[in-house]
Amino acid sequence: MNIKRASKPRRDKRIGSGLALAYLLGLGGLALAGPSGLLAWNENGALFEKRQAEIEELTATRDELANRVALLDPRKADPDLTSELLRRNLNVVHPDEIVVELDQ
């Protein structure tokens, strides 16, 4: 009577193949839905454009502040800007002046 049993090397081969397949499927899933996968590609592009807009806005603000700093140089301060800052921060106003506040 011959009974055929699965030999141990054949079973080990099947387990190894199954583990390799599971690993490859996991890698494929990460390539599709991972943080840098195909599904995140459009989201990353939109985020990049948003960050570029923020950088442009911050650059414009920095340039404006750099200009104000240059105008307030102690060696050659701009009289109009110093007068504006004194009036705004110290409430220095002559009695015969009219102050018109503009909302910015």
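Because the structure is a prediction, the values reported are computed rather than measured. Excluded from the calculations below are hydrogen atoms, water molecules and symmetry mates; all remaining heavy atoms, backbone and side chain alike, are included.
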- Message: Suppose we screen for side-chain contact (heavy atoms from CB on, under 4.5 Å). Which residues come up paired with Glu64, at least two apart in sequence or across chains?
- Response: none

- Task: Look up atom CG in Leu27 and atom CG in Leu32, then write down how far apart they are to the nearest 0.5 Å.
- Result: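 These two atoms lie 12.5 Å from each other.
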
- Task: Measure the CG-CG distance between Leu24 and Leu19 for me, rounded to the nearest 0.5 Å.
- Result: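 So the CG of Leu24 and the CG of Leu19 are separated by 11.0 Å.
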
- Task: Run through the side-chain heavy atoms of Ile, Leu, Val, Met, Phe, Trp and Tyr, join any pair under 4.5 Å, and report what else lands in Phe48's cluster.
- Result: none

- Item | Members besides Leu58 in its Ile/Leu/Val/Met/Phe/Trp/Tyr cluster (side-chain heavy atoms under 4.5 Å) | none

- Message: Within the 4.5 Å heavy-atom criterion, are Glu43 and Leu47 side-chain neighbours or not?
- Response: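 No; the side chains remain at least 4.5 Å from each other.
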
- Message: Quick check: do Glu56 and Thr59 have side-chain heavy atoms less than 4.5 Å from each other?
- Response: no

- Are the side chain of Thr82 and the backbone N or O of Pro79 linked by a donor-acceptor pair below 3.5 Å? yes

- Query: If two hydrophobic side chains count as joined below 4.5 Å and joins carry through other members, does Leu81 share a cluster with Leu86?
  - Reply: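 In one cluster with Leu81: Leu86, no.
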
- Message: Can you tell me if Glu57 has over 12 outside heavy atoms packed within less than 6.0 Å of its CD?
- Response: no

- Heavy-atom closest contact (Ala40 atom, Gly34 atom, distance):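 Result for this residue pair: CB-O, 3.8 Å.
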
